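Below is one structure, written out as structure tokens, with a few remarks after it.
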Amino acid sequence: MEGYSFAVKEQVLQQDLYYKGSKVMSYTIKYPEFQSDTFPILADKLNLLYRTKAYRYEKSTVSNLYQQAMVEYEYSVKNNFPIREYEAYVDYTITYHQNCTLSLYFDQYEYTGGAHGMTTRTSDTWNLQQSRKLEGKDLFLLPKKDITYITDIIKQQIAEQIASGADIYFEDYTHLVTDYFNPNNFYLTEEGAVFYYQQYDIAPYSSGIRTFLIPYSQEGIAEPRCCYTM
């Protein structure tokens, strides 16, 4: 790890919830816990942040979904409908962990009946030495670069995918790509920065969360460089 330590351990909140003897909901919330002798202050900061988010989600969102599940149970029993269990599932993926940089995203899935559930993605990228969160604008090598640099590449990638018949997007995707673009909806990989759109933003549900890799280059996106020395 290039002379510094920043280890991760997975923590899990998990439970099945019952109502009148029937299981009406289950939830699993995974979140990272970090340990570091090199960056202990940031490790503690991130641990507090992600632990708080996990418990807040459990206390607020899960509790609200459980209330809905109980109401749905009564309605289903009354109308002779099958009981559909609600589900909440939160997981994280670390996509980049080198060069004094940590990047990860969280997927939050919720099922409340119907044909399918919904997944929402969030992400964070951290400069370990500077103890700060990076924003999309921090990735650019040149000050003149703006969001059109990224959205133009995304539109080109979509056009190529449509031409090959590999993916389905909404007909007005060229406008939607710009309208729904969030410069902070990104995470880093070894190949480049990945920008993403939520379900239904630019494509049907079946297309899932759409992701677009913007490779590192001398003209555009800068790959992090390790600044830590022993």
Side-chain angles (χ1 to χ4, degrees), residues 1-11 30-36 38-50 53-54 90-108 119-158 160-161 177-178 180-199 201-202 208-229:
M1 281 297 296
E2 304 159 347
Y4 65 84
S5 66
F6 208 82
V8 59
K9 179 180 179 182
E10 183 173 275
Q11 299 294 334
K30 299 180 180 181
Y31 64 96
E33 180 180 86
F34 299 102
Q35 296 178 339
S36 177
T38 312
F39 307 109
I41 295 178
L42 179 60
D44 289 343
K45 174 183 176 181
L46 297 187
N47 290 341
L48 177 61
L49 171 66
Y50 293 128
K53 284 186 175 182
V90 181
D91 201 359
Y92 67 92
T93 301
I94 295 177
T95 61
Y96 192 89
H97 190 188
Q98 59 193 44
N99 295 324
C100 292
T101 305
L102 173 73
S103 192
L104 71 165
Y105 68 80
F106 290 81
D107 277 347
Q108 177 181 306
T119 300
T120 303
R121 178 166 294 179
T122 59
S123 56
D124 295 320
T125 297
W126 300 92
N127 182 307
L128 303 183
Q129 188 174 46
Q130 297 178 11
S131 193
R132 72 182 182 94
K133 183 178 177 179
L134 298 180
E135 298 180 353
K137 63 181 181 179
D138 296 321
L139 304 179
F140 291 126
L141 281 166
L142 302 176
K144 66 179 180 180
K145 296 294 185 184
D146 57 23
I147 65 170
T148 58
Y149 170 80
I150 299 175
T151 54
D152 285 348
I153 295 178
I154 291 174
K155 292 174 186 178
Q156 179 182 353
Q157 291 183 12
I158 292 177
E160 293 172 353
Q161 292 172 13
V177 163
T178 300
Y180 284 99
F181 180 75
N182 184 336
N184 293 320
N185 279 0
F186 76 92
Y187 51 87
L188 302 183
T189 68
E190 292 187 2
E191 294 77 25
V194 175
F195 289 84
Y196 58 89
Y197 288 81
Q198 306 294 353
Q199 290 179 318
D201 277 354
I202 63 174
I209 294 176
R210 305 309 301 158
T211 61
F212 303 92
L213 173 66
I214 312 297
Y216 300 122
S217 68
Q218 294 182 350
E219 297 79 23
I221 299 293
E223 181 177 11
R225 292 290 181 236
C226 188
C227 47
Y228 177 74
T229 57

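Computed from a prediction, not measured in an experiment: that's the story for all the values here.
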Nearest atoms (heavy-atom pairs only) where [X] meets [Y]:
X      : Y      : answer
Leu134 : Phe186 : O-CZ, 3.9 Å
Lys30  : Asp91  : CD-OD1, 3.3 Å
Val177 : Ile202 : N-CG2, 3.9 Å
Phe140 : Ile150 : CZ-CD1, 3.7 Å
Ser217 : Gly220 : OG-N, 3.0 Å
Thr101 : Pro224 : OG1-CB, 3.2 Å

Considering only heavy atoms from C-beta outward, does the side chain of [X] approach that of [Y] to under 4.5 Å?
X      : Y      : value
Ile41  : Lys45  : no
Asp138 : Arg132 : yes
Thr178 : Lys155 : yes
Leu42  : Leu102 : no
Gln98  : Glu223 : yes
Leu139 : Leu188 : yes
Cys100 : Phe6   : no

Rounded distance (nearest 0.5 Å) linking atom [atom1] of [X] with atom [atom2] of [Y]:
X      : Y      : atom1 : atom2 : result
Asp44  : Glu33  : CG    : CD    : 9.5 Å
Asn182 : Tyr197 : CG    : OH    : 9.5 Å
Trp126 : His97  : CH2   : NE2   : 14.0 Å
Phe34  : Asn47  : CZ    : CG    : 7.0 Å
Asp201 : Arg210 : CG    : CZ    : 12.0 Å
Ile221 : Ile214 : CD1   : CD1   : 7.0 Å

Would the distance check show the side chain of [X] and the main-chain N or O of [Y] forming a donor-acceptor pair, the cut-off being under 3.5 Å?
X      : Y      : answer
Gln35  : Ala43  : no
Tyr4   : Gln129 : no
Ser103 : Thr95  : no
Gln108 : Thr122 : no
Ser123 : Asn185 : no

Exercise for the section: Could you please spell out the steps behind the side chain to side chain contact (heavy atoms under 4.5 Å, CB included) verdict for Leu49 and Lys53? Expected result: CA-CA 6 Å; Leu49 171 66; Lys53 284 186 175 182; 3.7 Å; yes
Problem - Passing option when Lys133 is tested against Asn127, Asp124, Asn184 for side chain to side chain donor-acceptor pair (under 3.5 Å) - result: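 Among the candidates, only Asp124 passes.
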Does the gap between the ring centers of [X] and [Y] come in under 6.0 Å?
X      : Y      : value
Phe106 : Tyr50  : yes
Tyr105 : Tyr187 : yes
Tyr31  : Tyr92  : no

Practice task
Could you tell me whether Glu10 atom CD has more than 12 heavy atoms of other residues or ligands within 6.0 Å of it?
Solution key: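 Yes, the 6.0 Å shell around CD holds more than 12 heavy atoms from other groups.
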Exercise for the section: Only one of Tyr149, Phe181, Tyr180 passes ring-ring contact (aromatic ring centres under 6.0 Å, His included) with Phe195; say which it is. Expected result: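 The option that passes is Phe181.
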Practice task
Please name all residues satisfying ring pair (Phe, Tyr, Trp, His ring centres under 6.0 Å) with Tyr96, sequence neighbours left out, ordered by chain then number.
Solution key: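 Ring pair (Phe, Tyr, Trp, His ring centres under 6.0 Å) list for Tyr96, sorted by chain: empty.
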